[in-house]
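Scroll down for the structure; my scribbles are underneath it.
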Amino acid sequence: MTRTRMLTLLAGVLSATLVALGLASPAQAAGHHYVALGDSYASGVGAGSYTSESGNCKRSTKAFSALWAAANAPASYKSVACGGAKTTDVINSQVAALSSQTTLVSITIGGNDAGFGNIMSTCALKGSSACIAAVDAAQAQARANLPGLLDRAYTAIRNKAPNAKVVVLSYPVFYQLGTVCVGIGEAARAKVNEGINLADSLIAAAAARAGFTFADVRSIFVGHQICSGNKWIHSVDILNLSNSYHPMATGQANGYLPVFTKAVGQSATAKKATARA
């Protein structure tokens, strides 16, 4: 083995080791062409600091995708996530931002298809019995329809970005149970959590079918849910209703960002360097 070959091999091994230890430089992400897709949880509704160009989509500079891009300086970054988006919006408009040059995609989608907004309006305005009934109905619809809707959206993403790593993020479970909490009763809060867990399980299964990475935020939000003493999720916000049941800036920074960062893992640049060695 030549000296040059040996040095190249050692450099590749060192690079891979640093990545494994979490010591790799953020510069390794510089090769990424990153596009963020999805709904209000991806755009950052509830986090404030919305960009003027995003209008009613409410894309926040405090959304996890923007925070990741600021910390890692990818080759390019664009968010087309939009509050209120459904899987059809991803297919009909958002995937236009993707191309064969895209190397990283994040998406949170499916909540609006499952009727999250209508459910939580019912829960807030009509009480526990109506809330439980609304969740039961939504669960039946989700089981029947959401897998197919997600499959079509994920297929559209893969077709437009064949070379990208796609990270599918979950939704946090809203309520901490077993605490004194103003609003709907404990049984209704548990039912809402059940509905979110079902949606996340369907999303995880669809991500697996597509060969995408599923990044689950539920565990990191435990202890920071509505009814906790240190919540990262807005409860009903009378002064700004669009914030209701969305992550605060702390939820984006302390919840979504570290889960996404871990899911991105070793960058494409680092992998190529290792392969060349």
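Heads up: numbering here begins at 1 and tracks the sequence. Everything numeric here is computed off the predicted structure, so don't read it as measured data.
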- Item | Residue pair D216 / S170, side-chain donor-acceptor N/O under 3.5 Å | yes

- Task: Sort and list the pairs that fulfil salt bridge (charged side-chain N to carboxylate O under 4.0 Å, His left out) and have at least one residue in residues 38-67, not counting sequence neighbours.
- Result: E53-R59

- Only pairs at least two apart or in different chains count here, so list each disulfide (SG to SG under 2.5 Å) that has a residue in residues 32-108. C57-C82

- Item | Pairs meeting criterion salt bridge (charged side-chain N to carboxylate O under 4.0 Å, His left out) with involvement of residues 186-195, two or more places apart | D136-K191, E186-R189, K191-E194

- Item | Pairs involving residues 78-97, ordered by first then second residue, that meet salt bridge (charged side-chain N to carboxylate O under 4.0 Å, His left out) (sequence neighbours left out) | none

- Query: According to the disulfide (SG to SG under 2.5 Å) rule, which pairs have a member within residues 94-147, sequence neighbours left out?
  - Reply: C123-C131

- Task: Could you walk me through whether V259 and F221 pass side-chain contact (heavy atoms from CB on, under 4.5 Å), step by step?
- Result: CA-CA 11 Å; V259 172; F221 272 85; over 6 Å; no

- Message: Using the side chain to side chain contact (heavy atoms under 4.5 Å, CB included) criterion, which residues pair with I91? Sequence neighbours excluded.
- Response: R152, A153, A156

- What pairs of residues pass the salt bridge (charged side-chain N to carboxylate O under 4.0 Å, His left out) test when at least one of them lies in residues 197-210, not counting sequence neighbours? D151-R209, D200-R218

- Does any pair with a residue in residues 155-243 pass disulfide (SG to SG under 2.5 Å), and if so which ones, sequence neighbours excluded? C181-C227

- Step by step, would you call F212 with Y154 a ring-ring contact (aromatic ring centres under 6.0 Å, His included)? CA-CA 9 Å; F212 295 167; Y154 294 166; 5.4 Å; yes

- Sequence neighbours excluded - side chain to side chain donor-acceptor pair (under 3.5 Å) pairs with any residue from residues 223-233: H224-N230, H224-W232, K231-S235

- Those residues that, when tested against D237, pass salt bridge (charged side-chain N to carboxylate O under 4.0 Å, His left out) (two or more places apart): none

- Message: Among residues at least two apart in sequence or on other chains, which ones pass side chain to side chain contact (heavy atoms under 4.5 Å, CB included) with S219?
- Response: none

- Task: State which residues pass side chain to side chain contact (heavy atoms under 4.5 Å, CB included) with A130; sequence neighbours excluded, sorted by chain then number.
- Result: T122, K126

